[in-house]
Amino acid sequence: MLTLKQIAENTDSIVERLAVKRFDARPVVDKILALNEKRKTILTTAEEAKAEMNSISKAIGQLFKEGKAQEANAAKAKTVSLKESIKNADEELALVEAELNEQLVSLPNVPHESVPAGKGEEDNVVVKEAGEIPVLSDAKKPHWDLIKQYDIIDFELGNKITGAGFPVYKGKGARLQRALINFFLDEGEKAGFLEVLPPVVVNEDSGFGTGQLPDKEGQMYHVTADNLYLVPTAEVPVTNIYRDVIVNEEELPIKNMAYTPCFRREAGSWGAHVRGLNRLHQFDKVEIVQIAKPEQSYQVLEEMVAHVENLVNKLGLPYRILKLCGGDISFTSALTFDFEVYSAAQERWLEVSSVSNFEAFQANRLKCRYKGKDMKRPELVHTLNGSALALPRILAAILENNQTENGIQIPEVLQPYTGFAVIN
RNA sequence: GGAGAGUUGGCAGAGUGGUCGAAUGCGGCGGUCUUGAAAACCGUUGUACCGCGAGGUACCGGGGGUUCGAAUCCCUCACUCUCCGCCA
């Protein structure tokens, strides 16, 4: 959520930049500014009435103390109409504020100046491509065949227990999951991230804080009996650690990471592109989160991109980094880099990570601010996060790219974690 | 699940209808003293909104109510703790 101050001070540039996200902000922004003026007017009226009420009340107290009960009771009579007008003003104010808030929440984050215009994923800009795409024999198989052949992931079993998109990992498949998680966490620790293990269900406030609510509740599994949501990403519980918090300037940047299972309803998409591990309702992911000072957040973003790059490099996967265009970048993000790895049997790029700077957009919802010695008042932090990494598509690429006649070769960095070098 | 007790500023903790944004202690910040530090002493110390400013308004877990006036009384929800039950 953008702040009123941002909107009032940079109205034109916000409208201009949001056009890059293909969002026509002008009517919303105009409405917000008008509502804010209305709000101020009503607020002033209400506060003046309250000030008068307070002073009368104080005087009545004094009169009672002095034993002038009659005068006190006379003063009480004056409060009747005042009370009525306070009530009216407060009610009107609540309406205007609700409307204002609704408008504010509907406005997407302003994309960074470097975000290119574009309609959708086809307009994303490849900023780097690296690694070697393996040349496989004609006998190459997509991962959904490989997992059956080696019996390491069982979708039918998941169907039986839960439903589509909830696979059961078995034997070396399960072990490989655990290996990847530990590898990612160890690398994260080396890079200075503090590991946290948060709850995987969150309340409504947390969902609002990171921007999943109110509009995107369809993405999340909702436990209606307790009004809790299954996390679609560890971003939600980890970032919400800092909800309603004022952190010391010296503590920034804060670097956290968490492994969690992630749950996504993702209804409505079918076909070859979502086969096998390409899209699941439950999957594992290690997420990195940073809380930074505004002036350092873009440097932090680069660091995070470098960290993710280091991971895919070590796994020996061919990858490319994309800068998302305005049409593809998320509602909450100011700048996002996606990582894709090449899956050599499907012969397509798979998104495995998304690293974003949200600037103050989430922080404003979270009310996460920082204060330094020389600062008169606290200011909003910038929040960032990225997958480091999401497992299923990494697994798909590893299985497909490393398949041989004799089985699937495990990347060397993972072997200390798996305890085996080949799946056969 | 049953019974009871709580929720106050960064922390601890007082405050049961008016002068309470809130005592006191700790912590933090500034200073005196000191070669420096500690101790001691003095001062200072929340957040948001409105206003050019003076100043004003709101916030004592959330929401609602009683009252001229609520941290204080009532209702309701959430959470925490203690005991009992159940249980990995």
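Computed from a predicted model, the values in this text were never measured in an experiment. So you know, we letter chains A, B, ... as the sequences are listed, proteins then strands, and number each from 1.
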Does the distance from a Lys or Arg side-chain N to an Asp or Glu carboxylate O, for A:Arg22 and A:Asp328, drop under 4.0 Å?
->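 Not counted as a salt bridge, because no side-chain N and carboxylate O are separated by less than 4.0 Å.
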Ion pair A:Lys367/A:Asp244, N-O distance below 4.0 Å =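 The answer is no: the pair does not qualify as a salt bridge.
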Length of the [atom1]-[atom2] vector between [X] and [N], whole Å:
{"X": "A:Asn248", "N": "B:rG46", "atom1": "CG", "atom2": "C1'", "result": "14 Å"}
{"X": "A:Asp244", "N": "B:rG10", "atom1": "CG", "atom2": "C1'", "result": "15 Å"}
{"X": "A:Arg369", "N": "B:rG46", "atom1": "CZ", "atom2": "P", "result": "14 Å"}

OP1 or OP2 of B:rC50 less than 4.0 angstrom from a side-chain nitrogen or oxygen of A:Arg39, does that happen here?
-> yes
Is A:Arg377 near enough to B:rC49 that one of its side-chain N or O atoms lies under 4.0 angstrom from OP1 or OP2?
->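 Indeed, a polar side-chain atom of A:Arg377 lies that close.
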Residues that A:Lys314 engages under side chain to side chain donor-acceptor pair (under 3.5 Å), provided they are two or more places apart =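 For A:Lys314 the side chain to side chain donor-acceptor pair (under 3.5 Å) partners, ignoring immediate neighbours, are A:Glu187.
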Sequence-distant partners of A:Lys285, side chain to side chain donor-acceptor pair (under 3.5 Å), two or more places apart = A:Thr233, A:Glu287
Among side-chain atoms of A:Ser330 and A:Ser333, is any donor-acceptor pair under 3.5 angstrom?
-> no
Report which part of the nucleic acid A:Lys371 touches: base, sugar-phosphate, or nothing (heavy-atom distance under 4.0 Å, all strands).
-> sugar-phosphate
On RNA chain B, more 5' by nearest nucleotide between A:Leu4 and A:Ile246 is A:Ile246
Suppose we define a pair by two distances each less than 3.5 Å, Watson-Crick or G-U wobble; what does [N] pair with here?
{"N": "B:rU7", "result": "B:rA78"}
{"N": "B:rU72", "result": "none"}
{"N": "B:rG17", "result": "none"}
{"N": "B:rC52", "result": "none"}
{"N": "B:rC33", "result": "none"}
{"N": "B:rC59", "result": "B:rG46"}
{"N": "B:rC83", "result": "B:rG2"}

Determine the interatomic distance between [atom1] on [N] and the same-named atom on [M]; round to the nearest Å.
{"N": "B:rU8", "M": "B:rA39", "atom1": "P", "value": "29 Å"}
{"N": "B:rG56", "M": "B:rC42", "atom1": "C1'", "value": "32 Å"}
{"N": "B:rG9", "M": "B:rG46", "atom1": "P", "value": "14 Å"}
{"N": "B:rU57", "M": "B:rA70", "atom1": "P", "value": "13 Å"}
{"N": "B:rC79", "M": "B:rG62", "atom1": "P", "value": "15 Å"}
{"N": "B:rC20", "M": "B:rA14", "atom1": "C1'", "value": "12 Å"}
{"N": "B:rG65", "M": "B:rG27", "atom1": "C1'", "value": "39 Å"}
{"N": "B:rA71", "M": "B:rG61", "atom1": "P", "value": "10 Å"}

Under the criterion side-chain contact (heavy atoms from CB on, under 4.5 Å), which of A:Leu157, A:Ile153, A:Thr162 is the partner of A:Val168?
-> A:Leu157
Extract all donor-acceptor atom pairs below 3.5 Å that involve side chains of residues 96-111 of chain A and protein atoms in other chains or at least two apart in sequence.
from	atom 1	to	atom 2	distance (Å)
A:Ser106	OG	A:Gln103	O	2.7
A:Asn109	ND2	A:Thr332	O	2.9
A:Asn109	ND2	A:Phe358	O	3.1

Which residues pass the salt bridge (charged side-chain N to carboxylate O under 4.0 Å, His left out) test with A:Asp90, sequence neighbours left out?
->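 Counting only residues at least two positions away or on another chain, A:Asp90 forms a salt bridge (charged side-chain N to carboxylate O under 4.0 Å, His left out) with A:Lys50.
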Qualifying salt bridge (charged side-chain N to carboxylate O under 4.0 Å, His left out) pairs with a residue from residues 246-258 of chain A, counting only residues at least two apart or across chains |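 Residue pairs with at least one partner in residues 246-258 of chain A: A:Glu249-A:Lys293, A:Lys255-A:Glu303.
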Atom pairs and distances, donor-acceptor, side-chain atoms in residues 71-78 of chain A, under 3.5 Å, two or more places apart:
from	atom 1	to	atom 2	distance (Å)
A:Asn73	ND2	A:Ala69	O	3.2

Scoring nucleotides 54-72 of chain B by protein non-hydrogen atoms under 4.0 Å (B base, S sugar-phosphate only, - none) yields --BBS---------BS---
Would you mind writing out the side-chain donor-acceptor pairs for residues 32-43 of chain A within the sub-3.5 Å range, not counting sequence neighbours?
from	atom 1	to	atom 2	distance (Å)
A:Asn36	OD1	A:Arg39	NH1	2.5
A:Thr41	OG1	A:Glu37	O	2.9

Distances under 3.5 Å between nitrogen or oxygen atoms of protein and nucleotides 74-79 of chain B:
none

